[in-house]
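The structure under discussion appears below in the form of structure tokens.
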Protein chains: 2
Amino acid sequence: MKIFIRVMKALSDPNRVKMMKLLQHRPLCVCEIKECLGIAQSTASKHLKILEDADLVRSFKDGLWVNYSLSDGNGSPFAASMIGNLKHWLGNDAQIQRLENILPGIDRHNIVGKG
Amino acid sequence: MKIFIRVMKALSDPNRVKMMKLLQHRPLCVCEIKECLGIAQSTASKHLKILEDADLVRSFKDGLWVNYSLSDGNGSPFAASMIGNLKHWLGNDAQIQRLENILPGIDRHNIVGKG
DNA sequence: TTTATATATTCCATTTTAACGATTTACTTG
DNA sequence: CAAGTAAATCGTTAAAATGGAATATATAAA
């Protein structure tokens, strides 16, 4: 039950759902995500931790950067199922589409104030 | 997006998830639900409203009682999918099993303080 | 070893959520 | 119509979630 609630809570916030949708395209570092969503770096980092704790996302370091990507779902069946659902959900959402449009132009090397 | 968030939020609370699991067995009135979960009548009523607003549950009046049952899922595809998932999720959860054990003994006509 | 940089963490203010008791509403029945 | 009953709503309080600025941590580079 606790694990299920943790997954539902993680997906109860618009910014976190947006992150999940962005990560469907490619792994992203924290600064790319905060840039895309237009939020503070600390806010992005905290949201990603919540997604990671729910097994929806995983991270691996690449030097100074930390890359986040969708989890493979081996951790929790609830998370795995929701990751699958989200692949074909919200694709026609206006907010999501706007983010997906600007995502290709987002590059970690061109971001000014990273934190 | 708003609809999706509403469903996720609705399923982010243990008492509401318990209600969903109980309603898999049979329709229940507010006083049966509050009795089963051991919460106040006003609390049960509010939670049910949140589930209903998310299209996870529907209600129909039967005289003085209001019966709640699982939604048929026609309102929201997100709700429909989660209703389906919940059918085979949490069946082995200890808290849920305890509730399912006492449910057969719960009858609206034998409840003392209904509100 | 010093400096720079990306991320994580802490702190604080604000908003949202959950719970209960009390009251109101809606319906039934005497 | 009056009394009784189940559910919904209101008012209040405590806990949790969210956001950003500031700080700490960790790694890379000079």
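Predicted, not measured: the structure shown is a model, and the values here were computed from it. As a basis for the values below, the full set of heavy atoms in this structure was taken, side chains included, without hydrogen atoms, waters or symmetry mates. A, B, ... follow the sequence lines: proteins, then strands. Residue 1 opens every chain.
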Integer-rounded Å distance: [N] [atom2] and [X] [atom1]:
X: B/Arg6; N: C/dT16; atom1: CZ; atom2: C1'; result: 16 Å
X: A/Lys34; N: C/dT5; atom1: NZ; atom2: C1'; result: 13 Å
X: A/Lys2; N: D/dA16; atom1: NZ; atom2: P; result: 14 Å
X: A/Leu37; N: D/dT18; atom1: CG; atom2: C1'; result: 14 Å
X: A/Asn67; N: D/dT27; atom1: CG; atom2: P; result: 15 Å
X: A/Asn110; N: C/dT5; atom1: CG; atom2: P; result: 15 Å
X: B/Ile111; N: D/dA6; atom1: CD1; atom2: P; result: 9 Å

Set of side-chain contact (heavy atoms from CB on, under 4.5 Å) partners for [X], sequence neighbours left out:
X: B/Leu64; value: none
X: A/Asn92; value: A/Gln97
X: A/Lys46; value: none
X: B/Asp13; value: B/Asn15, B/Arg16, B/His47

For this session: Mind checking salt bridge (Lys or Arg N to Asp or Glu O under 4.0 Å) for B/Asp62 and listing every partner two or more places apart, or none if nothing turns up?
Result: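 With sequence neighbours excluded, B/Asp62 shows a salt bridge (Lys or Arg N to Asp or Glu O under 4.0 Å) to no residue whatsoever.
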
Exercise. Looking at residues at least two apart in the chain, or sitting in another chain, which of them share a salt bridge (Lys or Arg N to Asp or Glu O under 4.0 Å) with B/Arg98?
Worked result: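 Once residues adjacent in sequence are excluded, B/Arg98 has no partner under the salt bridge (Lys or Arg N to Asp or Glu O under 4.0 Å) criterion.
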
For this session: Answer yes or no: are there more than 12 heavy-atom neighbours, outside A/Ile3 itself, under 6.0 Å from its atom CD1?
Result: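 Counting other residues, nucleotides and ligands, CD1 of A/Ile3 stays at 12 neighbours or fewer.
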
Problem set entry | Contacts of B/Ser59 that satisfy side-chain hydrogen bond (donor to acceptor under 3.5 Å, both in side chains) - sequence neighbours left out | B/Glu52

Exercise. Who pairs with A/Lys21 by side-chain hydrogen bond (donor to acceptor under 3.5 Å, both in side chains), at least two apart in sequence or on another chain?
Worked result: A/Gln24

Name every donor-acceptor pair, under 3.5 Å, that has one atom in a side chain of residues 77-84 of chain A and the other anywhere in the protein, sequence neighbours excluded.
none

For this session: Please report how far the helix from C/dT1-D/dA30 to C/dG30-D/dC1 bends, comparing the axis fitted to its first five pairs with the axis fitted to its last five, to the nearest 10 degrees.
Result: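 Comparing the axis at each end, I get an angle of 20°.
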
Problem set entry | Under-4.0 Å side-chain N/O to phosphate OP1/OP2 contact, A/Thr43 with D/dG19 | no

Exercise. Phosphate oxygens OP1/OP2 of D/dA6: is one of them under 4.0 Å from a side-chain N or O of B/Tyr68?
Worked result: no

Exercise. In terms of the nearest nucleotide of DNA chain D, which residue is placed more toward the 5' end: B/Val30 or B/Lys46?
Worked result: B/Val30

Problem set entry | Side-chain-base donor-acceptor pair under 3.5 Å for A/Ser42 and D/dA21 | yes

Exercise. Can you find a donor-acceptor N/O pair under 3.5 angstrom joining the side chain of A/Gln41 to the base of C/dA8?
Worked result: yes

Seminar exercise, completed: Shortest non-hydrogen pair, A/Pro14 vs B/Ile5, comes out as N-CD1, 3.7 Å

For this session: With a 4.0 Å heavy-atom cut-off, tell me which residues in residues 47-64 of chain B come close to DNA chain C, sorted by residue number.
Result: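 Of all residues in residues 47-64 of chain B, the ones placing a heavy atom under 4.0 Å from DNA chain C are B/His47, B/Lys61, B/Gly63, B/Leu64.
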
Exercise. Does any residue of residues 8-28 of chain B have a heavy atom under 4.0 Å from DNA chain C, and if so, which ones, in number order?
Worked result: B/Lys9, B/Asp13, B/Asn15, B/Arg16

For this session: Check the side chains of A/Arg58 and A/Asn74 for a donor-acceptor pair under 3.5 angstrom, ignoring hydrogens and angles.
Result: no

Problem set entry | Candidates D/dA8, D/dG20, C/dG21 - which lies nearest the side chain of B/Ala40 | C/dG21

